[in-house]
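Have a look at the structure below before the remarks.
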Amino acid sequence: MEPKPNFPDANQIKETDLQHHWHPFTDTATLGKDELRLITHAKGSYIWDSEGNPVLDGMAGLWCVNVGYGRDEIVDAVAAQMRDLPYYNTFFKSTHAPVAALAEKIASTTPGDLNRIFFNTSGSDSNDSMLRTVRTYWESMGKPEKRVIITRKNAYHGSTVAGVSLGGMAGMQAQGGPMVPDIAHIDQPYWYEEGGDMDPAEFGLARAKLLEEEIDRIGEEKVAAFFAEPIQGAGGVIIPPETYWPEINRICKERDILLITDEVICGFGRLGEWFGAIHYGLEPDMMTMAKGLSSGYLPIGALAVSDKIARQIFENAGEYVHGYTYSGHPACCAAALKNIEIIEREGLVDRTRTHTGPLFHDKLQTLADHPMVGEVRSVGLMAAIELVADKSSRKRFDNVGEVGTKCRDKCFENGLIMRAVRDTMVISPPLVITDGEIGELVEKAWKSIDQAWQEIG
Ligand SMILES: Cc1ncc(COP(=O)(O)O)c(C=O)c1O
């Protein structure tokens, strides 16, 4: 695909943007026009900027464009739905065809008996719904004091007040508080950063046991749930040691604590299974999802709830006074249905597990030969590259974040999107990435890492 020939004046658009648009997650005071990237169009695994440069999108947007860009089928499905019924709500005993079909479809892909689907518009509000639903469940059981949700430090669960409270990002929690009460955070299973001299298996067990200690500290009668991403994404693609999830699962089962996974990134094939919980052999009591549910074509999120919990709430809590104007929006459901149809038809989940995931893993490992790369890890099509000052001791650079930012900027100059989490580079390309594009991604990553390394001397 070529650059758009009649693209309106890029300079003017940037000026207008800088004057009126408040960007999320941006230091607006220092944002300069030269830094602003104007994205004009996209196809497959590539986006184009206003200078006509193709850029390989190693992040699938924000970890979401699983089926890749330019899917006319999704556009057509949405247009047809918009003509028939552009909007109607799902409150007060109303429904429509796409929301019923999508709920059934999601239920068919989830593990265990997660057959009841509540719709939202994003990952953040799906996590809000999760919080309210967990507490409503225990209230309906006659245990209103069982309301503490245990999550992890450095987890990302969204940007609403509940999302930030559930998440463990200290910088986010420092703005706009106070946070939602009765949420506790335990240490994360980040072996590379925090494992010290322990071997990974031992460290994974130790970090899982923190959950048991926290339950004892708070009192089991007060703890409602443990909530976590199967693999922390925005925290730095933190793949827990193999010992971690089985132990967490055991603790939740033995201690009458709900186990809930945030599948906003890990869901819809990213790890080579429909959900991260399936990859780790878990049957959670609830799961939240968004992003890959529609591959980002339209905003939609969902909370999947087990039959047991849903029945308990339905029979004992009366009307559930919760929902959004756009819960189950018909056009968003149509986009999600077509997206899932594409994932199934093209076998993208299996392809990630059996072909692209292993190829990506092997090619990425070549980066470990670089003097600044301390570790490369991946599951499916989700990966991290640790940049360090000293490989053998896993010592970081003194000015944390400097080399990561430099490497991210070099990537963009070299035609690749890779994101930096402090000095950890994270990658999460569209699931349609080809073998050739995987080779290109790794080549550009090496070049960018090397240039960043040369520059910091
Ligand atoms: C694991 C996880 N949960 C929740 C969210 C929030 O989703 P959204 O940005 O759609 O509100 C994100 C977003 O990156 C996420 O990565």
Side-chain angles (χ1 to χ4, degrees), residues 23-26 57-66 118-134 149 151-169 171-173 176 180 183 185 188-190 225-240 245 259-271 275-277 279-280 282 284 286-304 324 326-327 329 332 335-336 339 379-384 417 419-421 424 426-429:
H23 290 247
F25 285 92
T26 300
D57 186 3
M59 284 305 296
L62 280 177
W63 327 75
C64 55
V65 190
N66 288 11
F118 190 96
F119 285 104
N120 307 288
T121 56
S122 71
S124 300
D125 62 15
S126 298
N127 289 342
D128 278 40
S129 295
M130 180 283 296
L131 187 146
R132 289 199 67 193
T133 305
V134 166
I149 300 180
T151 67
R152 298 175 303 186
K153 293 174 192 162
N154 193 38
Y156 186 78
H157 294 301
S159 193
T160 55
V161 176
V164 177
S165 308
L166 289 162
M169 302 269 172
M172 289 180 79
Q173 295 198 344
V180 174
I183 295 171
H185 298 86
Q188 58 185 337
Y190 191 179
F226 177 67
F227 177 56
E229 301 160 77
I231 292 177
Q232 280 157 266
V237 183
I238 296 156
I239 302 172
W245 275 114
L259 172 62
I260 307 173
T261 54
D262 179 332
E263 302 277 353
V264 170
I265 288 179
C266 294
F268 298 95
R270 174 72 38 212
L271 305 185
F275 293 96
H279 175 79
Y280 285 110
L282 306 170
M286 297 185 200
M287 297 191 326
T288 59
M289 60 194 78
K291 295 192 191 275
L293 169 55
S294 67
S295 284
Y297 277 67
L298 281 179
I300 184 166
L303 168 70
Y324 308 97
Y326 302 128
S327 287
H329 190 289
C332 302
N339 170 62
V379 174
L381 286 171
M382 190 169 172
I417 299 270
R419 179 161 148 187
V421 178
T424 306
V426 296
I427 319 173
S428 162

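For the numbers below, each heavy atom of this structure counts, side chains included, while hydrogens, waters and symmetry mates do not. Read the numbers this way: they start at 1 and go in the same order the structure lists the ligands and their atoms. Everything quoted here is computed from the prediction, not taken from an experiment.
By the 30° and 60° cut-offs, the orientation of the rings of F275 relative to F268 is perpendicular.
Nearest to atom 5 (C) of ligand 1 by heavy-atom distance, out of I265, L166, V264, T261, is V264.
The side chain to side chain donor-acceptor pair (under 3.5 Å) with T288 is formed by just one residue from the set D128, T261, N127, N120; it is N127.
Ligand 1 lies within reach of K291, whose nearest heavy atom is under 4.0 Å from it. Put simply, part of D262 is less than 4.0 Å from ligand 1, judged by heavy atoms.
Numbered from 1 in the order shown, with element, the atoms of ligand 1 that lie under 4.0 Å from a heavy atom of E229 read 1 (C). If you number the atoms of ligand 1 from 1 as listed, the ones under 4.0 Å from a heavy atom of S122 come out as 10 (O), 11 (O). Of all atoms in ligand 1, listed by their number and element, those nearer than 4.0 Å to a heavy atom of N127 are 3 (N), 4 (C).
The local environment of OH in Y326 is sparse, with at most 12 non-hydrogen atoms from other residues, nucleotides or ligands closer than 6.0 Å.
For H157, no nitrogen or oxygen atom sits less than 3.5 Å from a nitrogen or oxygen atom of ligand 1, counting backbone and side chain alike.
Of all protein heavy atoms, the one closest to atom 9 (O) of ligand 1 is S124 OG, 4.3 Å. Here the protein heavy atom with the shortest distance to atom 15 (C) of ligand 1 is Y156 CD2, 3.6 Å. The protein atom (non-hydrogen) at minimum distance from atom 10 (O) of ligand 1 is G123 N, 2.9 Å.
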Q: Test side chain to side chain contact (heavy atoms under 4.5 Å, CB included) on I300 and H329 and set out the steps.
A: CA-CA 8 Å; I300 184 166; H329 190 289; over 6 Å; no

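Taking OH of Y156 as the reference point, atom CE of M172 lies at 4.0 Å (rounded to 0.5 Å). For the atom pair CG of L166 and CD1 of I183, the computed distance is 4.0 Å after rounding to the nearest 0.5 Å.
Proximity of T288 to ligand 1, defined as any heavy-atom pair under 4.0 Å, is not found for any part of the residue.
Of the possible polar contacts, none joining the S294 side chain to the A290 backbone as a donor-acceptor pair under 3.5 Å is found. Remark: side-chain polar atoms of Q232 are paired, donor with acceptor, to backbone N or O of N154 under 3.5 angstrom.
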